[in-house]
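Shown next, in structure tokens, is the structure this report addresses.
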Amino acid sequence: MFHVEQSITIKKCPVCGEEDHKDLLICRDHTATQEDFRIVECMQCGFAFTSPRPADERLGAYYASKDYISHSNTKKGLISGLYQVVRKRTLRGKLGLLNKEAAAKGSILDIGCGTGEFLNVCKTGGWKVIGVEPNEEARKKAIANYELDVREEIYLATAAPGSFDAITLWHVLEHIPRLHERLRQLKSLLKADGVLIIAVPNRSSHDAAYYGKFWAAYDVPRHLWHFRPQDMRKLLDRFGFSVQQVLPMRYDSYYVSMLSEKYKTGGINFLRAVYRGWLSNRKAGMEKWSSQIYVIRHLSTSSGCQG
């Protein structure tokens with residue numbers, strides 16, 4: 001565990017505001033430091049979060065690994081290679097969803113855009129794009145490789161209200177330290193008829209239950225918050241949003257299972273991971289996929305029909 005003076009303990013549950021928590025899991029940082037971190041669960045609403053966690057100024061160090069694919073875009077190794085192949089397909093699907101759900105093909109803000117692959121697909125598809133990426137190396141790659149407009153995080157505090165027809169966060173919300181501040185920013189920046197699309201891991205999935213503390217999508221301490229569908233609805237409702245649809249990310253269970261097998265056994269165990277990913281999808285039902293996409297709108301413009 002890290003030193004207390006370099007950590008932050010979360011006192012209030014960000015979903016319900018209660019202060020009574022219980023220990024849930026001790027998970028290891030398998031990507032960067034091999035440190036152990038505690039995940040606690042709110043005794044009132046059941047939301048889980050990493051606490052204590054590194055202080056904000058120390059979080060960046062936990063992303064400094066060549067294995068962190070969102071920033072390095074590495075193609076080395078079996079798991080990273082398969083990720084790159086699947087991403088080409090999923091990028092087309094994300095653009096299709098965006099085009100379907102947006103009221104207009106206008107301006108899009110992608111927060112945590114990484115090395116810019118999704119924004120580049122949107123740009124090619126006729127959208128006016130802006131990205132936000134806190135990691136300098138990833139930001140530079142996005143600009144150099146695709147000539148994208150990618151800003152530092154301070155941009156979110158200075159952009160004009162109602163600037164965007166769509167805002168996307170693909171596996172980003174779980175990383176954000178000041179969760180409430182970010183949700184208030186999203187509410188302000190999104191147009192009244194705009195669409196907010198958020199993808200996060202789902203700790204109520206079958207693969208999460210099977211792998212337990214080895215489940216790769218806990219990814220401590222980079223993942224600060226560990227969502228279930230009910231957590232997303234309650235949290236977003238607090239900030240004037242309504243979840244309209246919940247959609248699966250079917251490939252994520254395979255990728256997460258490969259990493260989880262590696263963490264659990266020390267080897268990739270490709271066939272076992274494929275089986276566990278397949279089984280997780282088979283048992284997912286409506287809202288127990290390994291990762292899920294939430295299509296969200298302002299409460300004032302929503303139909304009230306939640307997926």
Side-chain angles (χ1 to χ4, degrees), residues 70-71 73 87 90-200 225 232 235-236 239-245 247 249 291-302:
S70 295
H71 291 171
N73 201 27
R87 182 165 65 175
T90 60
L91 286 173
R92 293 194 296 270
K94 289 176 180 179
L95 179 61
L97 175 65
L98 175 65
N99 289 338
K100 177 184 175 184
E101 296 296 336
K105 186 184 286 189
S107 56
I108 178 172
L109 172 66
D110 186 33
I111 299 176
C113 68
T115 50
E117 281 69 26
F118 172 67
L119 268 189
N120 184 53
V121 168
C122 294
K123 178 182 174 182
T124 304
W127 284 82
K128 180 181 178 182
V129 304
I130 294 180
V132 166
E133 173 52 54
N135 182 266
E136 183 179 9
E137 181 181 352
R139 190 167 63 245
K140 286 180 177 179
K141 287 181 180 179
I143 295 169
N145 293 341
Y146 304 114
E147 298 181 344
L148 296 170
D149 182 358
V150 180
R151 317 281 184 92
E152 297 183 46
E153 277 194 294
I154 190 64
Y155 170 74
L156 298 175
T158 61
S163 296
F164 295 99
D165 296 283
I167 301 176
T168 53
L169 297 89
W170 301 104
H171 286 296
V172 170
L173 193 67
E174 63 269 27
H175 295 262
I176 293 171
R178 292 176 292 280
L179 191 57
H180 289 182
E181 177 183 328
R182 182 55 45 85
L183 289 169
R184 281 191 288 268
Q185 289 173 336
L186 297 178
K187 179 75 181 298
S188 172
L189 294 173
L190 190 66
K191 290 183 179 180
D193 61 349
V195 62
L196 173 63
I197 299 175
I198 297 177
V200 291
W225 320 107
M232 288 292 291
L235 181 64
L236 289 162
F239 291 88
F241 287 117
S242 172
V243 174
Q244 300 292 285
Q245 294 183 71
L247 303 170
M249 301 188 81
S291 293
Q292 301 188 151
I293 300 169
Y294 297 82
V295 179
I296 302 152
R297 301 187 191 279
H298 288 293
L299 270 173
S300 58
T301 58
S302 70

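One is the number of the first residue; the rest follow in order along the sequence. What you see is a predicted model, and the numbers here were worked out from it, not measured in a lab.
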Looking at [X] and [Y], would you say the former's side chain and the latter's main chain have a donor-acceptor pair under 3.5 Å?
{"X": "K123", "Y": "Y146", "result": "yes"}
{"X": "E133", "Y": "N135", "result": "yes"}
{"X": "N145", "Y": "K141", "result": "yes"}
{"X": "K191", "Y": "A166", "result": "no"}
{"X": "S107", "Y": "S163", "result": "yes"}

Does one side chain, of [X] or [Y], offer a donor that lies under 3.5 Å from an acceptor on the other?
{"X": "Y155", "Y": "E153", "result": "no"}
{"X": "E101", "Y": "Q245", "result": "yes"}
{"X": "W127", "Y": "D165", "result": "no"}

Closest heavy-atom pair and its distance - [X], [Y]:
{"X": "F241", "Y": "L190", "answer": "CE2-CD2, 4.2 Å"}
{"X": "F164", "Y": "I167", "answer": "CB-CG1, 4.0 Å"}
{"X": "A160", "Y": "L189", "answer": "O-CD2, 3.6 Å"}
{"X": "G114", "Y": "A142", "answer": "O-CB, 3.8 Å"}
{"X": "H171", "Y": "S291", "answer": "CE1-OG, 3.1 Å"}

What's the spacing between [X] [atom1] and [Y] [atom2] if we round to 0.5 Å?
{"X": "T168", "Y": "L119", "atom1": "OG1", "atom2": "CG", "result": "6.5 Å"}
{"X": "S188", "Y": "L183", "atom1": "OG", "atom2": "CG", "result": "12.5 Å"}
{"X": "S300", "Y": "D193", "atom1": "OG", "atom2": "CG", "result": "10.0 Å"}
{"X": "L236", "Y": "S242", "atom1": "CG", "atom2": "OG", "result": "9.0 Å"}
{"X": "E117", "Y": "D110", "atom1": "CD", "atom2": "CG", "result": "10.5 Å"}

**Prompt:** When F118 is tested against each of I108, V129, T90 for side chain to side chain contact (heavy atoms under 4.5 Å, CB included), which residue passes?
**Reply:**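 Only one option passes, and that is I108.
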
**Asked** Given V195 and R297, is the side-chain contact (heavy atoms from CB on, under 4.5 Å) satisfied, shown in steps?
**Response** CA-CA 5 Å; V195 62; R297 301 187 191 279; 3.5 Å; yes

**Request:** Would you sort out whether V200 and M232 count as a side-chain contact (heavy atoms from CB on, under 4.5 Å), showing the intermediate values?
**Result:** CA-CA 9 Å; V200 291; M232 288 292 291; 4.1 Å; yes

**Request:** Check the pair I293, I197 against side-chain contact (heavy atoms from CB on, under 4.5 Å), reporting the backbone distance first and the verdict last.
**Result:** CA-CA 7 Å; I293 300 169; I197 299 175; 3.6 Å; yes

**Pair E152-R139, side-chain contact (heavy atoms from CB on, under 4.5 Å): steps then yes or no** = CA-CA 8 Å; E152 297 183 46; R139 190 167 63 245; 3.5 Å; yes

**Message:** Within a 6.0 Å radius of atom CD on E181, are there more than 12 heavy atoms belonging to other residues, nucleotides or ligands?
**Reply:**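 Atom CD in E181 is crowded, with more than 12 foreign heavy atoms closer than 6.0 Å.
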
**Request:** Could you tell me which residues satisfy side chain to side chain donor-acceptor pair (under 3.5 Å) with W170, sequence neighbours excluded, listed by chain and number?
**Result:**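 Applying side chain to side chain donor-acceptor pair (under 3.5 Å) to W170 gives none.
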
